[in-house]
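Quick caveat, the model's predicted, so the values are computed rather than measured.
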Amino acid sequence: PAILAKKHELYDLLQSGGVAETTVFQRRRSAPLWTPSKMTAEQFFSWDPEMRDRRNHTNLKQFRSVWNTWAAQADSSDHTFCAGKRVKRLLDSGDWLERPWVEIVNFEHDSLWFLVKEHYISVAAPAIMGEMVRTGLYLPDHLSAEFDLPVRCKGEWGPRFNDLKEWKA
């Protein structure tokens, strides 16, 4: 429900000629080819095949482009970056997980990769995943943002990238 509400909010913004800004770092996304229509957000996102056929296909492509780079990609990337900063601070503090057995090795768009010693996975995985789904962002004091989309996290582990299995507690 929260995601559909965000989609309606973005649709209404594009209908009014507005420019979407990402939640955290205010990156701007626009839809320059958008043509305002009489279709409401409820109609635009309807599952009724006849209603779906009446959508302006350029608007549909523009919406998907803005949605994917605004809400889906930019906000998830911003959240992952902030969560990564928070996890790094926790690791650096020495009060959270044992540093020689846990290291951040990569950040890629919406993923953080850790190197964890196998005997420590049952301790590290739940702690890391708990931090990743927390919505309180690590931000400099001059930035503040509410991150109100649901956050999900999937943990995987294995000796090699092609042998990863989903983490189950």
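- Linking ILVMFWY side-chain heavy atoms closer than 4.5 Å, directly or via other members, places I121 and L164 in two distinct hydrophobic clusters.
- Looking at heavy atoms from C-beta onward, L97 lies in side-chain contact with L91 at the 4.5 angstrom threshold.
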Test side-chain contact (heavy atoms from CB on, under 4.5 Å) on E156 and W167 and set out the steps. CA-CA 5 Å; E156 296 178 327; W167 166 258; over 6 Å; no
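- Here the NZ-NE2 distance, from K61 to H57, works out to 9.0 Å after rounding to the nearest 0.5 Å.
- The hydrophobic clustering, which links ILVMFWY residues whose side-chain heavy atoms are closer than 4.5 Å, places W113 and V116 apart.
- More than 12 heavy atoms of other residues, nucleotides or ligands shown are found within 6.0 angstrom of CD on E166.
- Residues I128 and L112 fail the side-chain proximity criterion, which asks for heavy atoms closer than 4.5 Å.
- The same ILVMFWY cluster, assembled from side-chain heavy atoms under 4.5 Å apart, contains both M51 and F44.
- Atom CZ of R86 sits about 12.0 Å away from atom CZ of F81, to the nearest 0.5 Å.
- Under the 4.5 Å side-chain heavy-atom criterion for ILVMFWY residues, no single connected hydrophobic cluster contains both L13 and L33.
- Heavy atoms only, all atoms of each residue included: R55 and M39 are closest at CG-SD, 3.7 Å.
- Grouping the Ile, Leu, Val, Met, Phe, Trp and Tyr side chains by contacts below 4.5 angstrom, directly or via other members, places V123 with I104.
- Between W67 and the options Q62, K6, R29, a side chain to side chain contact (heavy atoms under 4.5 Å, CB included) holds for only K6.
- Although no hydrogens or angles enter the test, the distance criterion places no donor-acceptor pair under 3.5 Å between the side chain of R28 and the main chain of V19.
- Taking NZ from K88 and OG from S93, the interatomic distance works out to 10.5 Å, rounded to the nearest 0.5 Å.
- Between F114 and E103 the shortest side-chain heavy-atom distance does not fall below 4.5 Å.
- A distance of 7.0 Å separates CD in Q43 from CZ in R54, rounded to the nearest 0.5 Å.
- Taking NE2 from H8 and OG1 from T40, the interatomic distance works out to 8.0 Å, rounded to the nearest 0.5 Å.
- Within a 6.0 Å radius of CZ in R64, no more than 12 heavy atoms belonging to other residues, nucleotides or ligands are found.
- The two residues D163 and R160 have their closest heavy-atom pair at OD2-NH2, 2.7 Å.
- Closest of all the heavy-atom pairs between A31 and V66 is CB-CG2, 4.0 Å.
- Annotation for M129 and G155: closest pair CE-N, 3.5 Å, computed over non-hydrogen atoms.
- Summarising the geometry, atom CD belonging to E42 is positioned 14.0 Å from atom CG belonging to D48; distances are rounded to the nearest 0.5 Å.
- Residues passing the side-chain hydrogen bond (donor to acceptor under 3.5 Å, both in side chains) test with W34 are Q15, sequence neighbours excluded.
- Closest heavy-atom contact between S37 and Y11: OG-OH, 3.4 Å.
- Residues T35 and N59 share a closest heavy-atom pair of O-ND2, 2.6 Å.
- Evaluation of the ring pair (Phe, Tyr, Trp, His ring centres under 6.0 Å) rule for F107 yields no partner, not counting sequence neighbours.
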